[in-house]
Amino acid sequence: MKLALNTYVYAVGKRHIMEALRSAVEFGFTYVEYAACDSADPTIISQAERDGIVAFFRDNGLQSSQLLLVHTQPCATSDPELRRQTLEYMKACGEFQLELGGRQVLVCWGCGVHEADMLPEQAWLNTVSLLREYAEWGLDKGILVDLEIEPHVYFVLNSTDKAARIVEDVGMPNVFPNLDIGHFVINREAPHRIEKIRDKIIHVHLSETEGFKHTNSILGSGCVDFKAYVDKAIELGIEENCTRVGEACVAGIEMGEPGGDVDDPDRWVRESLEFLKDHLPSVGL
């Protein structure tokens, strides 16, 4: 299993995507989890900027192990036009991930947020329909759709049980639940709970928490036992799963929260790498 740098910590720290990518190279990363927001959002930046990012990946040997679909909060919304716009954003990001040479895209925000005046069952159906349409669109392109299991009640996808069920309901072979370790800790789901999705895990996020709040802070600053979850994922065959779909087995350092404070992204990355070197030496650059 290899380490990736998630660029979202630089977005929260109000740094340009090119600064994030230069730091990735300087730290020695090969794999990058590309957060599609702000200066990295392929739907709003210029063609010249897109070309520059793609060229930087190519010229520096970077590999986009996962592209984060950051603006997917409305996946379950009751507004069909907003769902359509969200799907178009997802498709545009998927196309850009292919330009970067990657295949995996992550549907963030727990695949949608519940609305107070809509039945949860309807939210589930809306999300399933959107995910199925997206996965069908991406299937012949080789796109692999990862689903983020978030840790709070207002997310559509917020437990391992629901992750297993939504994969079945969507019914597409290119849909996979993402293993975010910090989220599992908040949800009080021990490593053995991964067994429910053992055949479908192909990507890991290393995120930190003190046990209640979703902090996404510097690794080692909270209570997460990363090794226990990584060891369990390896025991259950994550590396074989990745080989089966033709992907490298990657765990990304994910830090930063929307509206949060990241004073120095490079320092956050540096301190997290120092922690992982001592506490998870089996996962390296």
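Both backbone and side-chain heavy atoms feed into the values below; hydrogens, waters and symmetry mates do not.
- In the hydrophobic clustering of ILVMFWY residues, with side-chain heavy atoms under 4.5 Å counting as a link, W268 and L219 come out together.
- Side-chain atoms of L131 and C111, non-hydrogen and from C-beta on, do get closer than 4.5 Å to each other.
- A continuous path of Ile, Leu, Val, Met, Phe, Trp and Tyr side chains, each step under 4.5 Å between heavy atoms, connects L206 with V32, placing both in one hydrophobic cluster.
- Under the 4.5 Å side-chain criterion, counting only non-hydrogen atoms from C-beta, N158 is not in contact with H152.
- With hydrophobic clusters built from ILVMFWY side chains whose heavy atoms lie under 4.5 angstrom apart, I253 shares a cluster with L21.
- To the nearest 0.5 Å, atom CD1 of residue I143 and atom CG of residue L98 are 4.5 Å apart.
- In this structure, L276 is a member of the same hydrophobic cluster as L5, with clusters built from ILVMFWY side-chain heavy atoms closer than 4.5 Å.
- When all heavy atoms are compared, the tightest approach of N6 to E33 is ND2-OE1, 2.8 Å.
- The line from CD of E49 to OG of S39 is 8.0 Å long, rounded to the nearest 0.5 Å.
- Nearest approach of V224 to G182, heavy atoms of both residues: CG2-CA, 4.3 Å.
- One finds the CZ atom of R22 at 6.5 Å from the CD atom of E19 (value rounded to the nearest 0.5 Å).
- Annotation: side chain of R244 is in contact with side chain of N241 (closest heavy-atom distance under 4.5 Å).
- Counting all heavy atoms, side chain and backbone alike, L3 lies closest to Y31 at O-CB, 3.8 Å.
- A cation-pi arrangement is found for R188 relative to F212, the charged atom lying closer than 6.0 Å to the ring centre and inside a 45° cone about the ring normal.
- A perpendicular orientation is assigned to the rings of F275 and F226, their planes being inclined by more than 60° (bins at 30° and 60°).
- Under the side-chain hydrogen bond (donor to acceptor under 3.5 Å, both in side chains) test applied with S64, the options Q104, E99, Q97 reduce to a single match, Q97.
- To the nearest 0.5 angstrom, K232 atom NZ is 12.5 Å from L179 atom CG.
- Annotation: side chain of Y89 is not in contact with side chain of I44 (no heavy-atom distance under 4.5 Å).
- Note: W137 and Y134 have parallel aromatic rings, judged against thresholds of 30 and 60 degrees for the angle between ring planes.
- H205 and E148 make their closest contact through ND1-OE2, 4.2 Å (heavy atoms, listed as atom of the first residue, atom of the second, distance).
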For this session: Step by step, work out the side chain to side chain contact (heavy atoms under 4.5 Å, CB included) result for I45 and I53.
Result: CA-CA 11 Å; I45 62 177; I53 293 169; 3.8 Å; yes

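- Looking only at side-chain heavy atoms (C-beta outward), R132 and M172 come within less than 4.5 Å of each other.
- Looking at E208 and T215, their side chains never bring a donor and an acceptor atom within 3.5 Å of each other.
- Taking each heavy atom of T209 and G211 in turn, the nearest pair found is OG1-N, 2.9 Å.
- Using a 4.5 Å cut-off between side-chain heavy atoms of Ile, Leu, Val, Met, Phe, Trp and Tyr, with links allowed through other members, V185 and L157 fall into the same hydrophobic cluster.
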Problem set entry | Test log, rule side chain to side chain contact (heavy atoms under 4.5 Å, CB included), inputs M90 and V105 | CA-CA 9 Å; M90 294 165 67; V105 295; over 6 Å; no

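- Under the side-chain contact (heavy atoms from CB on, under 4.5 Å) test applied with I17, the options Y10, Y34, F56 reduce to a single match, Y34.
- Applying the 6.0 Å contact sphere to NZ of K91 captures more than 12 heavy atoms from other residues, nucleotides or ligands.
- Considering every non-hydrogen atom in both D38 and A11, the closest pair reads OD2-CB, 3.9 Å.
- The number of heavy-atom neighbours closer than 6.0 Å to NZ of K141, taken from other residues, nucleotides and ligands shown, is above 12.
- The shortest distance between side-chain heavy atoms of R83 and L87 does not fall below 4.5 Å.
- The distance from atom CE of M18 to atom OG of S23, rounded to the nearest 0.5 Å, is 11.0 Å.
- The line from CG of D79 to CE of M118 is 10.5 Å long, rounded to the nearest 0.5 Å.
- Side chains of V170 and V145 form no contact here, defined as non-hydrogen atoms less than 4.5 Å apart.
- At a threshold of 4.0 Å, the pair R84-E81 counts as salt-bridged, since one of the basic side-chain nitrogens sits closer than that to a carboxylate oxygen.
- Other residues, nucleotides and ligands place no more than 12 heavy atoms under 6.0 Å from the CD atom of E168.
- Counting only heavy atoms from C-beta outward, the side chains of F176 and L144 approach each other to under 4.5 Å.
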